[in-house]
Amino acid sequence: MSENGVLLSIQDLQVTFFTEAGEVRAVQNVSYDIPQGKTLAVVGESGCGKSVTALAMLRLIPKPPGKIVGGEILFRGKNLLHLSEREMRHIRGNEIAMIFQEPMTSLNPVYTVGEQIVEAIELHQNLHGKAAWDLAINVLRQVGIAEPAQRVKEYPHQMSGGMRQRVMIAMALSCDPSLLIADEPTTALDVTIQAQILELLKDLQHRKNMSVLLITHDLGVVAENADDVVVMYASKIVEKATVHDIFARPLHPYTQGLLRSLPKLGEGQQRLEVIPGSVPDPLHFPTGCKFHPRCPHGCNDRQCQSREPQLEQYESGHVAACWKVRELMEKRTS
Amino acid sequence: MTTNGDILTVRNLKTHFPIRKGVFARTVGYVKAVDGVSFSIPRGKTVGLVGESGCGKTTVGRTILRLIPATSGQVRFDGEDVFGVSAEEMRCLRRDMQLIFQDPYGSLNPRMTVESIVGEALTVHKIAFGAERRERVADLLCKVGLSSDHMGRYPHEFSGGQRQRIGIARALALHPRFIVCDEPVSALDVSIQSQIVNLLQDLQDEMGLTYLFIAHDLAVVEHISDWVAVMYLGKLVEYAQADVLYAQPRHPYTMALMSAIPQPNPVRAKQRIVLRGEVPSPVNPPGGCPFHPRCQMAVERCKQEMPPLEPKGGKNDHVASCWVTK
């Protein structure tokens with residue numbers, strides 16, 4: 001990936017939910033690094049485990065039924081899974097902050113936005129009273145809210161969706177985290193507001209040299225904002241590469257299918273290519289490669305049906321988990 | 001805009017919702033959700049209706065189907081005045097005009113089997129009962145890519161994409177000629193969206209359907225639509241053939257909307273128009289052109305007068321409402 005230092009590294013992470021219906025292995029052997037000051041995007045469809053991985057980093061998996069059953073999460077070399085709850089509370093907010101998809105429901109409706117930002121500041125920094133309020137007003141100004149001194153006194157329902165997402169970002173930034181986890185930060189917003197929020201995130205990242213973990217299903221957002229990309233399918237990583245390589249030379253048939261099935265602006269009315277079938281049920285994953293029933297190359301292949309492929313490096317910094325990659329690469333060059 | 005081949009024409013449609021306050025629920029103002037919209041849909045074609053949340057696009061779709069009473073204006077479906085007919089005649093008209101909903105989770109009754117969901121309309125309209133109804137439902141399921149084995153199951157047993165197929169089968173049950181598709185793919189996963197878009201196109205070719213396709217995703221709309229209408233704050237700001245509109249948008253709002261879409265291509269550096277501010281409230285829309293507070297091209301006249309929809313770029317079938325662009 002990149003030459004920068006690694007801020008956070010996930011090694012072989014496994015998260016399982018023990019439900020009445022059976023064990024749901026939501027994250028299986030996931031490893032990736034988030035470089036200092038860069039943006040790593042994790043892409044995948046609903047239920048692929050991308051958000052659960054992020055919650056595991058903050059140790060926010062609801063327990064029971066969920067449990068981190070294996071692996072390491074190294075933040076500046078320290079394994080977060082071995083910290084006490086007290087030490088972990090210091091990491092959350094101060095070092096790693098998170099913003100969620102739903103700006104409508106992530107804020108408490110009975111407190112003003114100022115009270116909520118101040119609460120976060122008082123919890124995590126040694127600031128109280130007027131100093132905390134001044135900082136709250138200051139971070140609201142940083143995220144581009146006009147007249148922040150008036151706005152801090154407003155309740156969430158008095159604000160629009162885009163405004164609330166700005167408040168969430170302000171709250172996350174109030175403690176100067178070194179890693180920001182943004183879980184579908186713009187999915188609930190209109191495109192013109194999405195453009196504003198993404199612009200804002202990019203700008204703040206440059207100013208603060210912050211790392212960003214961007215979780216999304218929107219490949220357009222990925223292309224314009226990420227440095228490196230991880231593609232997840234059915235609880236596992238299927239491909240990892242720089243943003244340029246993922247879009248120029250996708251290796252895994254799932255990534256290729258996703259890119260081909262997107263309607264692109266300016267291409268008119270050609271027929272869309274599809275990935276047949278639907279995302280598998282995590283209680284009944286297919287045997288072998290989990291993508292094989294939907295794969296144009298692997299659906300009739302013995303090996304794909306019976307043995308699960310492991311991640312392998314094919315080009316510098318470009319890994320994929322698929323038995324057919326070499327075959328497909330040869331076909332492409334010939 | 002063609003005139004003779006149109007299956008649906010909308011003239012100066014207005015839907016205003018009263019805001020009531022106080023003990024006596026006095027009307028203190030109106031939300032002008034749809035404020036003077038006119039367009040027409042050619043037979044067998046697809047018109048895409050795009051805009052941001054709260055711009056009134058869903059209200060347009062529902063008002064056309066008379067699911068929400070219109071404040072004023074006229075809708076003609078195949079020559080018939082939709083707002084003028086009696087309730088009895090409307091029931092007949094409903095056979096021809098159907099709706100597909102956005103949310104495949106909320107729009108199917110969880111206590112009904114797939115057979116009764118899809119077949120309900122056949123019973124209500126006294127078209128088919130018993131074994132004949134079963135057969136019709138099986139046919140419909142087959143048409144949308146499900147199998148007749150699914151008839152006895154309940155909605156929760158299906159994935160999002162499959163549920164949307166059930167919703168489509170229900171809409172097709174009465175052999176409609178016109179379907180309002182209200183954000184039919186926006187709640188679905190990326191790999192499923194393209195399946196549903198292709199299905200809608202196949203059904204259109206096979207059954208000669210006409211669609212009003214409401215969506216906020218401009219790439220999907222370009223893909224499926226022959227004509228595209230852009231709405232902002234209850235008003236139509238641009239209407240043109242899809243390829244013309246996407247190649248040469250003439251309204252500053254359409255231009256901004258298009259430039260805001262992130263493209264799945266990291267190489268192409270792109271000039272982005274980032275709009276300032278947000279969509280104003282439809283209770284209190286700004287005077288003059290409703291877009292002027294966010295518009296980069298706005299001149300003094302835009303604050304005073306509402307620009308009319310007029311032909312742009314020398315084409316009669318490309319209209320936009322803007323004082324500045326030509």
Side-chain angles (χ1 to χ4, degrees), chain A residues 43-48 144 146 160-163 186 188-196 198-199 217-227 229 233 242-248 254 257-279 281 294, chain B residues 46 50-55 145 158-162 185 187-199 201-202 216-226 242-243 246-247 253 256-270 272-279 281 294:
Chain A
V43 214
E45 297 178 280
S46 44
C48 72
S160 65
M163 204 70 105
T186 56
L189 306 174
D190 282 316
V191 275
T192 60
I193 308 300
Q194 165 171 293
Q196 292 175 0
L198 291 173
E199 203 90 340
H217 67 274
D218 187 331
L219 290 159
V221 170
V222 172
E224 296 193 356
N225 295 281
D227 297 298
V229 183
Y233 183 78
T242 63
V243 70
H244 184 263
D245 287 350
I246 278 278
F247 285 92
Y254 175 63
L258 271 188
L259 288 173
R260 271 200 294 252
S261 67
L262 278 186
K264 289 172 200 77
L265 220 51
E267 283 195 348
Q269 281 196 321
Q270 305 157 7
R271 195 175 170 77
L272 290 178
E273 290 196 39
V274 300
I275 302 178
S278 52
V279 181
D281 171 8
R294 306 178 72 189
Chain B
T46 301
V50 295
E52 293 177 279
S53 49
C55 74
F158 295 91
S159 67
Q162 287 173 316
V185 298
L188 304 175
D189 270 322
V190 191
S191 75
I192 309 300
Q193 281 191 6
S194 53
Q195 293 177 3
I196 298 294
V197 167
N198 282 354
L199 173 66
Q201 285 182 317
D202 290 345
H216 66 274
D217 185 333
L218 286 154
V220 172
V221 168
E222 180 193 23
H223 186 80
I224 199 167
S225 306
D226 301 293
D243 48 346
Y246 280 82
Y253 177 63
L257 206 54
M258 281 188 199
S259 87
I261 311 167
Q263 287 294 298
N265 182 354
V267 185
R268 222 185 77 194
K270 137 170 201 184
R272 171 150 300 157
I273 311 168
V274 174
L275 286 181
R276 285 159 296 144
E278 287 160 6
V279 184
S281 153
R294 302 175 79 193

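So that the names make sense, note that chain A is the first sequence line, chain B the second, and so on, each numbered from 1.
With a 4.5 angstrom heavy-atom cutoff, B:Val220 touches chain A via backbone and side-chain atoms both. In this structure, chain A has no heavy atom under 4.5 Å from any part of B:Asp243. There is no contact between A:Val222 and chain B, counting heavy-atom distances below 4.5 Å. Looking at B:Ser53, the atoms closer than 4.5 Å to chain A (heavy atoms on both sides) sit in the backbone and in the side chain alike. Heavy atoms closer than 4.5 Å to chain B are found in the side chain of A:Gln194, but not in its backbone.
Summarising the geometry, atom CG belonging to A:Leu262 is positioned 11.5 Å from atom CG belonging to B:Asn265; distances are rounded to the nearest 0.5 Å. Summarising the geometry, atom OG belonging to A:Ser261 is positioned 8.5 Å from atom CD belonging to B:Gln193; distances are rounded to the nearest 0.5 Å. With rounding to the nearest 0.5 Å, the separation of CD in B:Glu52 from OG1 in A:Thr192 is 3.0 Å.
Contact detail for B:Val190 and A:His217: the closest heavy-atom pair is CG2-O, 3.5 Å. Scanning all heavy atoms of the two residues, the minimum distance from A:Leu272 to B:Asn198 falls at O-ND2, 2.8 Å. Pairing each heavy atom of A:Glu224 with each of B:Pro262, the nearest pair is OE2-CA, 3.5 Å. The two residues A:Gly277 and B:Ile192 have their closest heavy-atom pair at O-CD1, 3.6 Å. Nearest heavy-atom pair, A:Ala223 versus B:Gln263, reported as atom, atom and distance to 0.1 Å: CB-O, 3.3 Å.
For A:Glu273, the salt bridge (Lys or Arg N to Asp or Glu O under 4.0 Å) test picks out A:Arg260, with sequence neighbours left out. Applying the salt bridge (Lys or Arg N to Asp or Glu O under 4.0 Å) criterion to A:Glu45, with sequence neighbours excluded, gives no partner residue.
The residue among B:Ala219, B:Pro264, B:Gly54 with the most heavy atom pairs within less than 4.5 Å of chain A is B:Pro264.
Looking only at side-chain heavy atoms (C-beta outward), A:Pro263 and B:Val197 stay at 4.5 Å or farther from each other.
B:Gln195 contributes a side-chain N or O that, together with a main-chain N or O of A:Ile275, makes up a donor-acceptor pair within less than 3.5 Å. The closest donor-acceptor contact from the side chain of A:Gln196 to the backbone of B:Leu275 lies under 3.5 Å.
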Could you walk me through whether B:Ser191 and A:Leu258 pass the side-chain contact (heavy atoms from CB on, under 4.5 Å) test, one step at a time? CA-CA 6 Å; B:Ser191 75; A:Leu258 271 188; 4.3 Å; yes
